[in-house]
> 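Below are the structure tokens for one structure; questions will follow.
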Amino acid sequence: MTSFSIGDTDFLRDGQPHQVISGALHYFRVHPDQWQDRIRKARLMGLNTIETYVAWNAHEPRRGEWDATGWNDLGRFLDLVHAEGLDAIVRPGPYICAEWHNGGLPNWLTAGERSLRSSDPEFLVDISAYLRRVYEIVAPRQVDRGGPVVLVQIENEYGAYGSDKAYLEALVALTRDAGITVPLTTVDQPVDQMLADGSLPELHKTGSFGSRTAERLATLRAHQPTGPLMCSEFWDGWFDWWGGVHHTTEVDAAAADLDALLSAGASVNIYMFHGGTNFGLTNGANHKGRYLPIVTSYDYDAPLDEAGNPTAKFFAFRDVIAKYAPVPEELPTAASPSPTLTVPLAPVGAWTDAPAADAAADTPATFDALGHLSALVRYDVELPPTDSPGLLSLEEARDLAWVQVDGQPIGTLSRTRHDRTLRIPAGRTLSILVEDQGRVNYDHRLGEEKGLIGTPTLDGAPLLGWRSTPLDVAEIAAAVAARTDAVEAGPGPSAWTADIPLAAPSDLFLDTAAWSKGYAFMNGFFLGRYWRNGPQRTLFVPSPATRAGDNRLVVLELENLLAAHAELVPGLLLGDTEE
């Protein structure tokens with residue numbers, strides 16, 4: 001069996017110095033039928049290793065309902081990495097950040113006032129059960145047992161969050177007890193305080209950065225005086241948020257920074273090699289004074305774009321890697337042209353008009369109190385009798401609210417805009433439809449409750465008697481897909497369908513520019529969110545979600561379509577850049 005260890009100056013593979021040249025590829029952001037293609041292209045760029053996080057909330061969205069099949073088949077993913085002749089690095093968290101909802105932590109774990117990412121005994125019980133399940137998959141696939149896994153990371157950029165050494169010690173003890181024998185690492189930004197707080201003496205420290213290589217390696221070396229230097233998150237791009245721009249990095253500059261790392265003898269994990277997509281409702285959000293939800297695309301300006309096609313950065317990185325390691329002569333084959341066409345969308349009626357919940361309460365119930373994992377809850381309350389308009393005031397809407405009185409739209413209240421008040425007309429029933437736009441994935445807002453927070457007031461008087469009705473977007477889409485009779489759209493959210501004819505399964509690029517805000521599905525596959533707020537215009541449709549013949553598209557529009565059609569375009573349209 002192969003051995004992998006940490007020497008005085010290098011990683012050692014069977015006793016010989018070894019430079020890890022890795023790329024990040026998250027199995028949960030790529031259709032499982034396309035894992036092999038992406039892994040193979042990693043090898044063709046010259047990578048010798050694939051790194052992945054493990055998303056706990058993908059595996060166990062509800063407590064005790066563990067799933068490691070299909071999209072969550074981490075074992076199969078690692079086996080495909082091994083079959084391609086590559087090593088693997090696993091980062092199981094439990095916290096992963098990753099611009100992924102709630103930083104990978106399940107909602108049921110973070111609900112309430114419990115202490116997170118700490119040695120709190122209750123928290124340790126839950127994460128122990130999770131990590132043992134992960135390690136049951138990882139342990140038999142370690143390199144010293146004939147598998148691909150050469151490194152396992154403890155926590156994730158913990159020094160940016162806390163300094164609870166007992167917590168890190170508990171994670172190490174659990175990891176070793178579960179049969180993990182490969183070297184254990186930590187990662188932190190190359191800041192003295194973070195590197196000091198985020199690790200333990202027995203763990204190998206690595207850095208996360210994307211530029212100023214020499215300076216940052218020097219800081220890392222001061223905290224990790226022996227062994228190999230490693231940038232285990234070499235940021236070659238960045239993520240996008242709704243209402244922002246599409247972030248890119250200059251190809252030559254990124255390649256030069258990679259060259260500087262490799263020429264210094266450092267090992268590297270390129271974050272990301274292939275970003276993939278935040279399918280469904282999996283995007284996270286950031287909040288540093290302003291709530292900013294992440295877009296559906298996780299293209300990241302990576303060497304492989306969101307659709308898995310090599311970019312200029314792929315070939316530039318390949319040329320750099322070839323200076324330090326053998327690179328296959330083979331190049332990825334060019335993608336087949338994607339179908340382009342425009343088809344009309346048929347209106348099939350309202351979709352947020354489910355009967356109100358039977359039980360009423362003084363205070364609106366949060367998503368968390370309802371145990372609701374989908375995107376929407378509708379809140380209904382009877383208004384006091386009056387002939388005059390009134391000022392509706394909310395403690396907070398998390399994250400975007402559409403307000404109606406007697407079925408007529410009045411306006412929106414946005415967390416991003418810090419909206420709290422709206423003048424409403426007299427009427428009988430107030431309805432507030434609230435969207436969870438993505439859970440914060442970083443820092444101390446992890447686990448925030450979603451929905452209407454507190455008790456709304458009208459002209460300062462509390463509004464009581466709320467009926468909180470959860471709306472499951474995927475279940476509604478499945479019901480909408482079966483509708484055949486055209487029903488004209490009313491004043492509120494409207495559902496639309498179309499059948500898209502294809503000669504064969506194909507990757508598709510669905511242009512959403514003629515729509516406003518909502519969710520799209522292809523043959524029941526949840527493509528994700530769209531929003532005219534930009535920058536992202538196209539939703540990526542992976543070919544395994546399509547078929548020869550008619551493909552049923554469902555669009556759940558929350559506001560208004562500018563034009564009732566669906567358009568397939570030749571490639572990704574991810575928005576304007578800063579340039």
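Along the sequence shown, residues carry numbers from 1. The analysis underlying the following values was restricted to heavy atoms, covering all of them including side chains, and did not include hydrogens, waters or symmetry mates.
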> So, Tyr442 versus His287, ring centres under 6.0 angstrom or not?
no
> Does the side chain of Thr412 pick up a donor-acceptor pair with the side chain of Arg417 at under 3.5 Å?
yes
> Going by atom types only, do Asn283 and Trp100 share a side-chain donor-acceptor pair under 3.5 Å?
no
> I would like to know whether Asp240 and Gln536 meet side chain to side chain contact (heavy atoms under 4.5 Å, CB included); could you show each step before the answer?
CA-CA 8 Å; Asp240 298 341; Gln536 178 181 352; over 6 Å; no
> Judged by modelled atom types alone, do Glu448 and Tyr291 share a side-chain donor-acceptor pair under 3.5 Å?
no
> Is the distance between the ring centroids of Tyr300 and Tyr271 under 6.0 Å?
yes
> Given side chain to side chain donor-acceptor pair (under 3.5 Å), test Thr249 with Lys313 step by step and report yes or no.
CA-CA 9 Å; Thr249 57; Lys313 196 173 283 182; 2.5 Å; yes
> Does Arg13 make a cation-pi contact with Phe4 (under 6.0 Å, within 45 degrees of the axis)?
no
> Please confirm whether the ring centroid of Trp241 lies under 6.0 Å from the ring centroid of His247.
yes
> Run through Asp87, Ile50, Ile89 and flag the one making a side-chain contact (heavy atoms from CB on, under 4.5 Å) with Val81.
Ile50
> Which pairs with one or both residues in residues 209-234 pass ring pair (Phe, Tyr, Trp, His ring centres under 6.0 Å), sequence neighbours excluded?
none
> Do any pairs count as a salt bridge (charged side-chain N to carboxylate O under 4.0 Å, His left out) and have a residue in residues 28-37, sequence neighbours left out, and if so which ones?
Asp37-Lys41
